[in-house]
Amino acid sequence: MLDQLAELSPARAIADSIAVFAGVESLHIMFIAFLGGCVLVSGLAGVGAAPRGIAPAALLQGLRWPYRGAIAGAAITGALLFATSAQKYLSNPLFTVKLILLASAIAVQVLLARSLARPGGAGWSRLFGIASLLLWLGAITAGRWIGLI
Amino acid sequence: MIIGDVPDWVRAVHEWPLSVAVRESELLFPILQTFHIFGLVLLVGVIAILDLRFLGVLLRAQAPGPLARWLLPISRWGFAVVFASGALLLAAQSASLYFNEFLRVKLLLLAAALMNALLFHTSVFRRVHEWGGAVPVPRSAAAFAGASLLFWVGVLVTGRYIAYF
């Protein structure tokens with residue numbers, strides 16, 4: 001009976017929810033790390049930094065589903081974290097900035113893949129590659145600072 | 001906040017001027033945290049792609065040799081960034097984190113990840129340029145890659161929990 005009471009006590013409930021919250025955050029960071037890896041490699045290939053022996057278009061093609069999976073994972077875990085205090089996030093200007101940067105970054109990634117697959121698209125690839133890297137850098141920075149302001 | 005009786009050397013690190021500066025700065029601390037995440041993406045994100053290639057999960061058409069030669073220097077830069085920022089963040093909170101069990105497990109997993117990488121690179125990895133095409137990645141290399149993924153995931157997860165316990 002007392003054991004059950006201990007299980008029900010608010011302290012226990014908070015401890016449990018902190019563990020779950022931190023677990024979802026861990027997953028979110030894992031997806032971001034992997035997503036960041038895919039984006040970095042794609043962006044570098046776009047700006048022409050991939051060495052000989054690595055075809056940029058094939059690289060992006062090969063990373064397409066891992067990249068999409070990482071986006072989906074980061075979005076689902078991000079949505080769960082958002083749901084815990086939606087009002088707080090919505091009133092945080094950095095959250096809006098992060099979403100705009102993310103949407104732009106995802107759009108630019110599509111353009112990058114298209115320009116790399118097109119013959120003669122190297123100039124555009126370079127532009128989209130740099131834009132992609134900068135936008136993701138901004139999105140991650142905004143994400144980190146959301147919790148701080 | 002200092003919890004319990006920490007050894008003198010930990011207290012000395014805690015009171016080191018740079019630790020105090022990081023701890024008391026409203027800007028320096030989150031800036032270091034941001035760099036810690038950038039470094040983490042460079043290190044773990046890139047290593048994960050390489051590990052998954054060795055495991056045959058992705059980029060199977062791409063020979064692992066050129067990929068490794070390209071990505072490993074990036075991951076080393078990532079490690080430098082993550083290590084420098086992490087060391088400062090840790091020094092700033094050394095007395096309050098000394099008894100943190102998640103930190104201890106994280107440091108053990110980090111040591112395991114680095115040891116795994118060292119063993120991999122001084123053994124079967126030396127033949128990485130031969131793999132690809134008709135020559136499959138050896139099972140021992142895949143095992144190193146799998147262990148690497150597990151250790152780094154462990155480092156990330158325990159790292160996140162440090163802040164809460």
Side-chain angles (χ1 to χ4, degrees), chain A residues 14-45 49-67 69-70 77 94 133 136-149, chain B residues 26-27 29-53 57-75 77-78 82 85 102 106 129 132 149-150 152-165:
Chain A
I14 291 166
D16 283 353
S17 73
I18 286 174
V20 173
F21 190 83
V24 178
E25 275 189 326
S26 302
L27 279 173
H28 193 58
I29 291 177
M30 264 188 261
F31 283 119
I32 287 172
F34 184 63
L35 177 60
C38 292
V39 164
L40 180 75
V41 167
S42 308
L44 289 176
R52 263 187 294 177
I54 294 176
L59 188 74
L60 258 80
Q61 178 72 21
L63 286 177
R64 203 167 51 153
W65 283 106
Y67 163 81
T77 49
L94 267 187
L133 291 175
W136 285 108
L137 210 61
I140 293 175
T141 307
R144 173 60 261 185
W145 288 70
I146 282 173
L148 299 171
I149 68 162
Chain B
E26 275 180 31
L27 268 184
F29 201 85
I31 287 174
L32 283 170
Q33 285 184 318
T34 308
F35 273 96
H36 202 58
I37 295 182
F38 288 152
L40 178 156
V41 168
L42 290 184
L43 171 66
V44 180
V46 166
I47 284 291
I49 291 175
L50 211 50
D51 285 338
L52 291 170
R53 171 61 191 92
V57 174
L58 48 79
L59 298 176
R60 267 169 292 191
Q62 174 66 54
L67 200 62
R69 259 199 309 281
W70 179 34
L71 297 184
L72 283 174
I74 298 175
S75 74
W77 277 105
V82 92
S85 55
F102 284 100
K106 174 182 176 175
H129 56 278
L149 275 180
L150 286 179
W152 286 118
V153 163
V155 170
L156 287 194
V157 173
T158 47
R160 187 58 266 183
Y161 276 80
I162 288 172
Y164 290 101
F165 292 93

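Chain identifiers are assigned alphabetically (A, B, ...) following the order of the sequence lines, protein sequences preceding nucleic acid strands; residue numbering begins at 1 within each chain. We use all heavy atoms of the structure for the numbers below, so side chains are in, but hydrogens, waters and symmetry mates are not.
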**OP:** Under 4.5 Å, counting heavy-atom pairs only, tell me which of A:Ala58, A:Ala55, A:Ala49 racks up the most with chain B.
**Re:** A:Ala49
Original post:
How long is the gap from CD1 on B:Ile49 to SG on A:Cys38, to the nearest 0.5 Å?
Top reply: 4.5 Å
**OP:** Calculate, to the nearest 0.5 Å, the distance between atoms CG and CZ belonging to B:Leu149 and A:Phe34 respectively.
**Re:** 9.0 Å
Original post:
So what's closer than 4.5 Å to chain B heavy atoms on A:Trp65: side chain, backbone, both or neither?
Top reply: neither
**OP:** Please look at B:Leu43 and chain A and tell me whether the side chain, the backbone, both or neither of the residue comes under 4.5 angstrom of a heavy atom of that chain.
**Re:** neither
Subject >> Closest contact, heavy atoms only, B:Pro66 versus A:Pro51 >> reply: O-CG, 4.4 Å
**OP:** Of all the heavy-atom pairs spanning B:Leu156 and A:Ala33, show the shortest one and how long it is.
**Re:** CD1-CB, 4.4 Å
Original post:
Tell me, side chain or backbone of A:Leu27 under 4.5 Å from chain B's heavy atoms, or both, or neither?
Top reply: neither
**OP:** Find the distance between CG (B:Leu59) and CG (A:Leu59) and round it off to the nearest 0.5 Å.
**Re:** 5.5 Å
Subject >> Nearest-0.5 Å distance that lies between atom CD1 in A:Ile32 and atom CG in B:Leu40 >> reply: 9.5 Å
Subject >> Closest non-hydrogen atom pair, B:Tyr161 against A:Ala19 >> reply: OH-O, 2.6 Å
Original post:
Given the options B:Trp70, B:Phe38, B:Phe35, which has more heavy-atom pairs under 4.5 Å with chain A than any of the others?
Top reply: B:Trp70
Original post:
A:Ala50, A:Pro66, A:Gly62, A:Gly143: which one forms the most heavy-atom pairs within less than 4.5 Å of chain B?
Top reply: A:Ala50
Subject >> Interchain contact, B:Ile162 with chain A, by part (heavy-atom threshold 4.5 Å) >> reply: neither
Original post:
For A:Ala70, is it the side chain, the backbone, both or neither that has a heavy atom under 4.5 Å from a heavy atom of chain B?
Top reply: neither
Original post:
So which of B:Val57, B:Val157, B:Val46 has the biggest tally of heavy-atom pairs under 4.5 Å with chain A?
Top reply: B:Val157
**OP:** Measure distances from B:Leu52 to the heavy atoms of chain A and classify the residue's part below 4.5 Å as side chain, backbone, both or neither.
**Re:** side chain
**OP:** Can you tell which part of A:Leu40 gets under 4.5 Å to a heavy atom of chain B, answering side chain, backbone, both or neither?
**Re:** side chain
**OP:** Please state whether the side chain, the backbone, both or neither of A:Leu35 comes within less than 4.5 Å of a heavy atom of chain B.
**Re:** neither
